[in-house]
Amino acid sequence: MADPTTTPSRPDAEAPGYEPAAVERKWQARWDANRTNSPDLARGEKPFYQLMMFPYPSAEGLHIGNLYAFTGNDIHGRFQRLQGHTVFEPIGYDAFGIHSENYALKVGVHPSELIPRNIENFRRQLHRAGLMVDWSHELSTTDRSYYKWTQWIFLQLYHRGLAYKKRAAVNWCPSCKTVLANEQVEGGVCERCKTPVEQRQLEQWFFRITDYAPRLLKNLETIDWSETTRTAQRNWIGASQGARVTFRVVDDGDRTDDITVFTTRPDTIFGATYLVLAPEHPLVDAITRPERRAEVQAYRERAARQDIISRKTNREKTGAFTGATAINPATGEAIPVWIADYVLMEYGTGAIMAVPGHDERDFEFARSFELPIVRVVAGAGVEPHAPLEAADVEVAGARVVNSGEFDGLNVEDAKTKIVAWLAGSGAAEPVTTYRLHDWCISRQRYWGPPIPIIYCESCGTVPVPEKDLPVELPYVEDVRPDDSGISPLARHEEWYHVPCPQCGKRARRETDVSDTFLDSAWYFLRYPSSERDDVPFDAALTRKWLPVSSYIGGNEHAVLHLLYSRFVTMVLHDMGHIDFEEPFTRFRAHGLIVKEGAKMSKSRGNVVVPDRYIEQWGADTFRTYLMFLGPFEEGGDFRDAGISGVRRFLDRLWRSATDARRDGEPEVAVLRKLHQTIRKVGDDVPRLSYNTAIAAMMEYMNVLRAGERTPHVAEVQPLVQLVAPFAPHLAEELWEGFGGVGSVFDAGWPSFDPALAAEELLTLAVQVNGKLRGTIQVTRDISQDGALAAALAEPNIAKFVQGAPKKVIFVPGRLLNLVV
RNA sequence: GCCCGGAUGGCGAAAUGGUAGACGCGGGGGACUUAAAAUCCCCUUCCCGCAAGGGAGUGCCGGUUCGAGUCCGGCUCCGGGCACCA
């Protein structure tokens, strides 16, 4: 006890109890004053970049889910610091974009006024949570100094040929009045407002993320990420191995056309009895016969008018015959060419070879339009000409039939052999197709970084020169989007009229802003260099601090944010700006917090407001309780009733520390448990098994205070270090009480002695025929024979054993199993 | 339909193939107190039994093993991802 006047040694009396509010205020102020949490980024040794997904500062304030994630992140960061790393734990705000703007529109406050207010509120709440955040590197995506470089990133992609503009069918949300990326459409409705999405033809900016599909897929094998997240990305990228096959359209006089299809089943090509093009396919006009033109045109118009949801949900097969035929390169037969909306222009080549015998959709279509159905694959014991009542999609153990020289091959062999055979005449080539589409980044909205492009009548599309960045977002009074598909920025004439940077003639600015996901696709690069105004990221700092050591966030960003970040990082790598191509070495998705078994929502009225709990229980208790609810990666069930148990634990720790004696010796049995606890907590925290680490500390507490014993300082002090990542304020206060100098987080992690951690006497389970019949106390190094003798000396065990056991299984330190 | 997770006491949950239910909540009993709160101790999966002890038990059915919550095969239900993707 450093100061006996403030820490009396008697447990009862007027010992100052644990008062979290005072302790937390004191240490938060001291951390700020001493810059405890602002590491020297240039010189700090063993850098560890502990990143959490930055929040978007909603008007409702910090959500419990945010705090759950941040706390779990913070504990890992603090633990790494105790392990001797220089830990950088930054925070920022994802405050540009539709989510923020929609809320501003709803409450009728201009976003430029509302957002700073929300950020201020978030900052206050985050501060109270006791996070080890380096506030000197705080950023917001709305900062001029930030989005200048978001625009710079756009220009990098543009110069690299990875940003392009095209007129395309895009997802249009009639409520948000903007274009959405495919990733923002869920089941045909806008993920944000749940309004059914419409199809519109608009000029949009896209990023060629599809160019990176193979690498985005392949690298998934090398990064240390949650399996669920990698699976989600794998599904989203959606690689399909197959072949492109070319069918020659039967010459109708003056021209020849080739139709290239994509198929994953080239083994079934002998059963391709017709072709189908997407209604939007560019060849449709050219191949359609005059007598069919009217019908085909009508069908195409109907398809174009149809909204995306009904096209994707209405599975009834419709179509129109073009009148054209094409040659199946395998059979040499002429087969009809149809158009149908079940074939999608945006996947593969927008054309398919239909194999009704072995594809359910084709089968249905063939039935509707009375097209021939041929069996070319047969499972074991199935006749080669067995009739087909439905598509036979069986592949395992099936063989190819009615396919000329390929008859009898299994499906896999047939795929390669048939493609090789067709490749000989140039009719086929093996190819991998991806489900992933290019990333549409244009948004016809106000609250975002203007896309840095200028259109000049003489020079065409001109990128804004880097020296002119940022293209500042002007103040526009009325930011409401309208149905025109044109951004509110287009109403600000003085802003969008601009001289061409190349020829100086009258030109106009691009009035779309970029997608929020572009803001968040590179923020981790900005944090260490946030003070630099002349570069997006400092070369030396970036080399030292990136890639991110540990990234923690929600799995709702498994495909959107995480995929875009990887893409942008790869592009910057390829352009030589950075020397790594994966931004996050380790990623773990945290689970979700529910309340009393139910999802939290405003309508249910069961939303946990962090402020209230922190006031009542203290931030340390709240943090520890959140982590105690369940496995961090699985989430937990927040129940008000449970929090008292954690508070009781911290109260007991407080008393143990303030009452601890310095006289006499620590007890060996207690030290043994202590060292087991040090090992357990040290194992559990890095794997985010926080709940079991807390349980282990509680278990130790039960030993430490068993009966009414007064613990020794040597028994308590290391526990204060173990608990520090969870209850940082309390740990600092107690550490100081012990006479510790500086922050407990610079004191390191207690070492554990394996010899001491090992039990001297242990309990061996004794089974007879695998059934537990009793336990025996034995020394650690007991032999099998010794254990056997001890076991048979127990009447309750011996009564199950007549004569010598047939077999004895001895697992040292664990159990003895006698087989009789 | 395909691909990932998950299912364990009254509740939140623990368990490298080796004593199922650690830790915590709730509940019961006790100590201290005039009393209450706080604190400390004991009990708390279910069934039979005064007890010693015995039996059953980790969503369901089967298997591997001396031994299965854990591994394998086949299901059921719940959560999530993808889905007219050729």
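Proteins get letters first, then strands, A, B, ... in listed order; numbering begins at 1 in each.
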> In whole Å, measure the gap between the P atoms of G67(B) and A13(B) for me.
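Between the two P atoms, the distance is 32 Å.
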> Might you confirm whether atom CD of E360(A) has over 12 heavy atoms from other residues, nucleotides or ligands at distances under 6.0 Å?
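Check fails, neighbour count at 12 or below.
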> Is the count of non-hydrogen atoms from other residues, nucleotides or ligands lying under 6.0 Å from L592(A) atom CG greater than 12?
no
> For nucleotides 36-38 of chain B, which of its nitrogen or oxygen atoms have a protein nitrogen or oxygen under 3.5 Å away, and what is each distance?
none

> Give me the distance, rounded to whole Å, that separates C77(B) from G10(B) when you measure between the C1' atoms they each carry.
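Per the computed distance, 22 Å lies between those C1' atoms.
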> For R639(A), answer base if it contacts any base atom (sugar-phosphate contacts may also be present), sugar-phosphate if it contacts only those atoms, and nothing otherwise; contact means non-hydrogen atoms under 4.0 Å.
sugar-phosphate
> Check every strand shown and say whether S240(A) touches a base, only sugar-phosphate, or nothing at a heavy-atom separation below 4.0 Å.
sugar-phosphate
> Return the orientation label for the F365(A) and Y342(A) ring planes: parallel under 30°, perpendicular over 60°, tilted otherwise.
tilted
> Paired with C2(B): which nucleotide, if any, by Watson-Crick or G-U wobble criteria at under 3.5 Å for both distances?
G81(B)
> Knowing that exactly one of E715(A), R709(A), R705(A) qualifies, which makes a side chain to side chain donor-acceptor pair (under 3.5 Å) with S656(A)?
R705(A)
> Considering only NZ, NE, NH1 and NH2 on the basic side and carboxylate oxygens on the acidic side, decide whether K415(A) and E412(A) come within less than 4.0 Å.
yes
> Counting Watson-Crick and G-U wobble pairs only, both distances under 3.5 Å, name the nucleotide matched with G57(B), or none.
none
> When all nucleic acid strands are considered with a 4.0 Å heavy-atom cut-off, which category describes T433(A): base, sugar-phosphate, or nothing?
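No contact.
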> Is there a side-chain contact between K673(A) and E699(A) in this structure, where contact means two heavy atoms from C-beta onward sitting under 4.5 Å apart?
yes
> Which whole-number value in Å describes the distance from D640(A) CG to C11(B) P?
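Result: 19 Å.
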> Stepwise, does the salt bridge (Lys or Arg N to Asp or Glu O under 4.0 Å) test hold for R234(A) with E221(A)?
CA-CA 10 Å; R234(A) 218 173 275 131; E221(A) 289 159 27; over 6 Å; no
> Whom does A7(B) pair with, Watson-Crick or G-U wobble, provided both distances fall under 3.5 Å?
U76(B)
> Which nucleotide in the list G18(B), C40(B), A13(B) gets nearest to the side chain of P631(A)?
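Given the options G18(B), C40(B), A13(B), the side chain of P631(A) is closest to A13(B).
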> Could you please name the partner base of C40(B), counting Watson-Crick and G-U wobble pairs only when both distances are under 3.5 Å?
G30(B)
> In whole angstroms, how far is the P atom of C82(B) from the CZ atom of R435(A)?
7 Å
> Looking at R302(A) and D341(A), is any side-chain nitrogen of the basic one under 4.0 Å from a carboxylate oxygen of the acidic one?
no
> Using the purine O4'-C1'-N9-C4 or pyrimidine O4'-C1'-N1-C2 torsion, is G27(B) syn (within 90° of 0) or anti?
anti
> Base, backbone or nothing for each nucleotide of nucleotides 50-59 of chain B, written B, S, -, heavy atoms under 4.0 angstrom, 5' to 3'?
---SSSS---
> Please report, to 0.1 Å, the donor-acceptor pairs under 3.5 Å made by any side chain of residues 630-642 of chain A, with sequence neighbours excluded.
residue, atom, partner, partner atom, Å
D637(A), OD1, E596(A), N, 2.7
D637(A), OD1, G597(A), N, 2.9
D637(A), OD2, G597(A), N, 3.0
D637(A), OD2, R639(A), NE, 3.0
D637(A), OD2, R639(A), NH2, 2.6
D640(A), OD1, Y613(A), OH, 2.5
D640(A), OD2, Y613(A), OH, 3.2

> Could you give the distance separating A36(B) and G18(B) at their C1' atoms, to the nearest angstrom?
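So the two C1' atoms sit 49 Å from each other.
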> When you measure from the side-chain N and O atoms of T228(A) to the phosphate of G80(B), is any distance below 4.0 Å, counting only OP1 and OP2?
no
> Nearest to the side chain of D637(A), which nucleotide is it out of C85(B), G81(B), G12(B)?
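Among the listed nucleotides, the one closest to the side chain of D637(A) is G12(B).
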> Taking the side chain of R361(A) as its heavy atoms from C-beta onward, which of C4(B), C84(B), C82(B) lies nearest to it?
C84(B)
> Return the residues of residues 680-692 of chain A meeting this criterion: a heavy atom under 4.0 Å from some atom of RNA chain B. Order them by number, or give none.
N691(A), T692(A)
> I'd like to check R265(A) versus V395(A) (side-chain heavy atoms, cut-off strictly below 4.5 Å). Are they in contact?
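When only atoms from C-beta onward are counted, V395(A) and R265(A) do touch, with a gap below 4.5 Å.
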> Might you list the N or O atoms of the protein lying below 3.5 Å from N or O atoms in nucleotides 61-68 of chain B, with each pair's distance?
residue, atom, partner, partner atom, Å
C66(B), O2', N817(A), ND2, 3.4
C66(B), O2, N817(A), ND2, 2.4

> Distance to the ring centre below 6.0 angstrom and angle to the axis at most 45 degrees; does that hold for R230(A) and W236(A)?
no
> Given K771(A) and F800(A), is the side chain to side chain contact (heavy atoms under 4.5 Å, CB included) satisfied, shown in steps?
CA-CA 10 Å; K771(A) 232 175 177 28; F800(A) 292 99; over 6 Å; no
> Is there a side-chain contact between F587(A) and T229(A), using heavy atoms and a 4.5 Å cut-off?
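They are in side-chain contact.
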> Check this for me, if you would: do D683(A) and R679(A) make a salt bridge, where the nitrogen-to-carboxylate-oxygen distance has to be below 4.0 angstrom?
no
> Measure from the side chain of A765(A), starting at C-beta and using heavy atoms only, and say which of U19(B), C23(B), C82(B) lies closest.
U19(B)
> Could you say whether T775(A) or A641(A) is positioned toward the 5' end of RNA chain B, judged by the nucleotide with the nearest heavy atom to each?
T775(A)
> For U16(B), give its Watson-Crick or G-U wobble partner with both distances under 3.5 Å, or none.
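Matched U16(B) with nothing under the 3.5 Å cut-off.
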> Identify which nucleotide among C25(B), G18(B), G81(B) has an atom closest to any side-chain atom of N235(A), counting heavy atoms from C-beta outward.
G81(B)
> List in chain and number order the residues that pass side chain to side chain donor-acceptor pair (under 3.5 Å) with T231(A), two or more places apart in sequence or in another chain; answer none if no residue qualifies.
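By the side chain to side chain donor-acceptor pair (under 3.5 Å) rule, T231(A) matches E227(A).
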> What's L815(A) touching, base or sugar-phosphate or nothing? Going by heavy atoms closer than 4.0 Å.
base
> Tell me what R234(A) touches on the nucleic acid: a base, only sugar-phosphate, or nothing, going by heavy atoms under 4.0 Å.
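Touches nothing.
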